[in-house]
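Values below: every heavy atom of this structure, side chains too, minus hydrogens, waters and symmetry copies. One-based numbering along the sequence shown.
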Amino acid sequence: MEKKLSIIIKTSQDYIRHFGDFEKSNAILLNIFFDNISDVYIPLLRMVNKLQSDGLKCRFGLVLPPLLCNLFADVTIQDSYIGYLEKRIILGQKELSRAEDDKVREIIKATIEKYESLKKDFTEKYNKDLIAAFTECMKNGYIELLGTCGTDLFIPHYADLKEIISAQIESGLHAYKQFFGTVPEGFWLPAFGYMTGVEKLIKAYGYSYTVLDARSLLFSENCPDTGIFYPVRTDNSLVVLARDSRLPSQITGENGYSRNCLYRNENRDIGYELTPVQLEPVVEIGSARYATGYKYWNRCFENSDKAFYDRKAALEQAHTDAAAFVEEKSKLLDQAAEALPESDYVSYVCAFESEELFRNWNESVEWLEYVIRTACEKGLTIVSGDQLLEKQYSLTKFNPYYSAGIGDGYGENLLSSKNCWMIRHIRKACERMIDLSDRFPNDTGLKTRLLNLGAKELMLAQSLMLAKAIDNSMYPELAERRFRDSINAFTAVFDSLGSNTVSTEWLTTMEMQDAIFPWMNYRIFSKKH
């Protein structure tokens, strides 16, 4: 019996205002985004290129949200990223003159080489166009790109507002067509948030499958005999793949792979330790501190030579951890095959949110590559979700149970004591947006621009990443400011339409600040009859 490992990765990115004064006020968020380009997106492209050049037959799923693609395509962001790399190269040269320990100097040299290589690849190999690079990987058959909502909407919060959910799905699909020129098969539910009925909306937009947390399957009244090891379908034949709820803790939990002491310590960066003068030009004097990429320590907390980061040792550990991961999943599939002798294959879905896999684990992409290579060596087939749809209309039917892949399984951290105040503002704005789209069905000119801006601002405010950032105190002030800015902008749109007056200067400024979804049509929020 064939054993299949389906790998799907969902990257996350909220919109960042990056023009003029916003570039300085949002420096922390921009730095995190550029770090992700350096440590995740370009390494993923390099990984695919290596797999392809080695002739390895595999295919995995990837979700690149519309807001991420919007930033990728922005010329200002592209130029800023080059500046980010150049500043780090300069800082590295300063660090070489400061460092005395030979091991530290080796790490600095390797880091400088890394940034020089990234700059060369970004400008010459990818021509600053990462969307085109990922599209090429898709065309070569190594990546399946899944669709998702326009912004990371936690769908269960809008169970009674079907127009809002439909608008998010439609805007995400349109963005996908614009960026990648094709229609996706799979739809990624943000945070795996499922509620009864959403499968009808997903299917209505032409999607063939989605991924749910295992709780949705295992807690359902008619749980399939195949469990999570074989695709199933809903009543309207939307195929469901189930992600093992234990997977995140296996990676980032207290005893997870990413916690090994040989891996690089992401919390010890010179950006938090040196003086502002020493950190120029990366960190401006008077601005908030953030990571510079120069990290000299592993996860050990001893003050000895063993605490210095050893890249070679870390990659060897990543190889060992990948082998252990594949071995464990292979045994699990063997057990599933024994329990399901009549199945033509068994599958295990490794679906990761980027924060679960990449955040605070510098070697995660190498680990992923080792997983793919080791799995192929052991006879496992690496497949994407669309390769599990052969028997779409003859799969076992079931009724999914409400669940999510965030919090303790139900998204409760998105309505915590820290962020619950947000939902009343969002829902009121949602009700107003639906009403406005019906009150102004055929307007043109300034009113259309106002309504389209209101639609964009509402979608930005709906992003669950803002509520999540406030709850986990990652960057709560920035998240709250972004949320209030979007809600205030939407309210200004609503008031302008009510009074039939508008400041064209304000409107133009807002359109430039939040230059997303240029194809936006506010009518996607109209009531569906």
Side-chain angles (χ1 to χ4, degrees), residues 10-14 63 65 148-149 151-162 164-165 168-169 187-199 201-202 210-221 223 228 240 242-254 256 349 351-357 359-360 399-431 458-480 482-484 486-487:
K10 158 62 164 62
T11 61
S12 299
Q13 181 58 55
D14 207 16
V63 186
T148 189
C149 293
T151 59
D152 275 348
L153 178 86
F154 189 63
I155 288 177
H157 286 175
Y158 305 88
D160 59 329
L161 296 171
K162 300 296 192 296
I164 297 300
I165 301 172
Q168 280 277 2
I169 297 174
F187 180 83
W188 182 276
L189 284 165
F192 300 99
Y194 173 81
M195 56 89 181
T196 302
V198 71
E199 66 274 7
L201 300 176
I202 296 173
T210 190
V211 184
L212 299 182
D213 187 85
R215 297 178 184 87
S216 289
L217 196 82
L218 301 178
F219 294 169
S220 63
E221 292 182 357
C223 177
I228 67 172
V240 170
R243 190 279 294 262
D244 191 342
S245 306
R246 301 167 298 180
L247 195 62
S249 63
Q250 189 175 11
I251 305 299
T252 60
E254 187 176 345
V349 178
F352 302 100
E353 293 270 9
S354 60
E355 289 187 354
E356 297 168 350
L357 185 60
R359 186 182 169 210
N360 290 328
N399 299 313
Y401 182 79
Y402 168 82
S403 73
I406 193 172
D408 288 328
Y410 303 98
E412 66 283 353
N413 60 326
L414 300 179
L415 280 177
S416 69
S417 59
K418 295 180 181 179
N419 56 30
C420 60
W421 58 271
M422 302 169 74
I423 193 67
R424 66 179 183 272
H425 296 289
I426 301 174
R427 287 185 60 84
K428 174 56 70 175
C430 288
E431 293 167 1
L458 173 60
M459 292 181 68
L460 287 174
Q462 288 171 339
S463 173
L464 66 84
M465 294 184 67
L466 299 177
K468 192 175 176 182
I470 291 173
D471 179 71
N472 63 21
S473 301
M474 186 175 175
Y475 43 91
E477 296 85 2
L478 293 175
E480 181 175 340
R482 235 295 315 280
F483 175 80
R484 291 188 182 278
S486 290
I487 289 295

Interatomic spacing from [atom1] in [X] to [atom2] in [Y] - rounded to 0.5 Å:
X: L458; Y: T151; atom1: CG; atom2: OG1; result: 8.0 Å
X: I406; Y: N413; atom1: CD1; atom2: CG; result: 4.5 Å
X: E254; Y: S249; atom1: CD; atom2: OG; result: 11.0 Å
X: D152; Y: Q13; atom1: CG; atom2: CD; result: 10.0 Å
X: I426; Y: L161; atom1: CD1; atom2: CG; result: 11.5 Å
X: I487; Y: R424; atom1: CD1; atom2: CZ; result: 11.0 Å

Find out whether [X] and [Y] are in side-chain contact, i.e. whether some heavy atom of one side chain is under 4.5 Å from a heavy atom of the other.
X: Y194; Y: P156; result: no
X: W188; Y: T210; result: no
X: L247; Y: F352; result: yes
X: L189; Y: V211; result: no
X: I165; Y: Y158; result: yes
X: E221; Y: N399; result: no
X: E353; Y: L357; result: no

Listed by chain and number, what are the salt bridge (Lys or Arg N to Asp or Glu O under 4.0 Å) partners of [X], not counting sequence neighbours?
X: D160; answer: R427
X: D244; answer: R246
X: R243; answer: D213, E356
X: E431; answer: K428

**OP:** Please lay out, stage by stage, how E480 and Y475 fare under the test side chain to side chain contact (heavy atoms under 4.5 Å, CB included).
**Re:** CA-CA 9 Å; E480 181 175 340; Y475 43 91; over 6 Å; no

So, for [X] and [Y], which heavy atoms are closest and what is the spacing to 0.1 Å?
X: G193; Y: A404; answer: CA-CB, 4.2 Å
X: T148; Y: P65; answer: CG2-CA, 4.1 Å
X: R215; Y: S245; answer: NH1-OG, 3.5 Å

Counting only pairs under 3.5 Å, give me each side-chain donor-acceptor contact of residues 463-474, with atom names and distances, residues two or more places apart or in other chains.
from: S463; atom 1: OG; to: D14; atom 2: OD1; distance (Å): 3.3
from: S463; atom 1: OG; to: M465; atom 2: N; distance (Å): 3.3
from: K468; atom 1: NZ; to: E355; atom 2: OE1; distance (Å): 2.9
from: D471; atom 1: OD1; to: S416; atom 2: OG; distance (Å): 2.7
from: N472; atom 1: OD1; to: M474; atom 2: N; distance (Å): 2.9
from: N472; atom 1: ND2; to: K468; atom 2: O; distance (Å): 3.3
from: S473; atom 1: OG; to: K418; atom 2: NZ; distance (Å): 3.3

Subject >> Crowding at OH, Y401 (>12 non-hydrogen neighbours, <6.0 Å) >> reply: no

Subject >> ring pair (Phe, Tyr, Trp, His ring centres under 6.0 Å) involving F187 - partner list, sequence neighbours excluded >> reply: Y207

Restricting to side-chain hydrogen bond (donor to acceptor under 3.5 Å, both in side chains), what partner residues turn up for [X], sequence neighbours left out?
X: Q462; value: Q168
X: S216; value: S403
X: S12; value: K10

Subject >> Donor-acceptor under 3.5 Å (S220 side chain, L217 main chain) >> reply: yes

Original post:
Who pairs with H157 by side-chain contact (heavy atoms from CB on, under 4.5 Å), at least two apart in sequence or on another chain?
Top reply: F154, L414, L415, I423

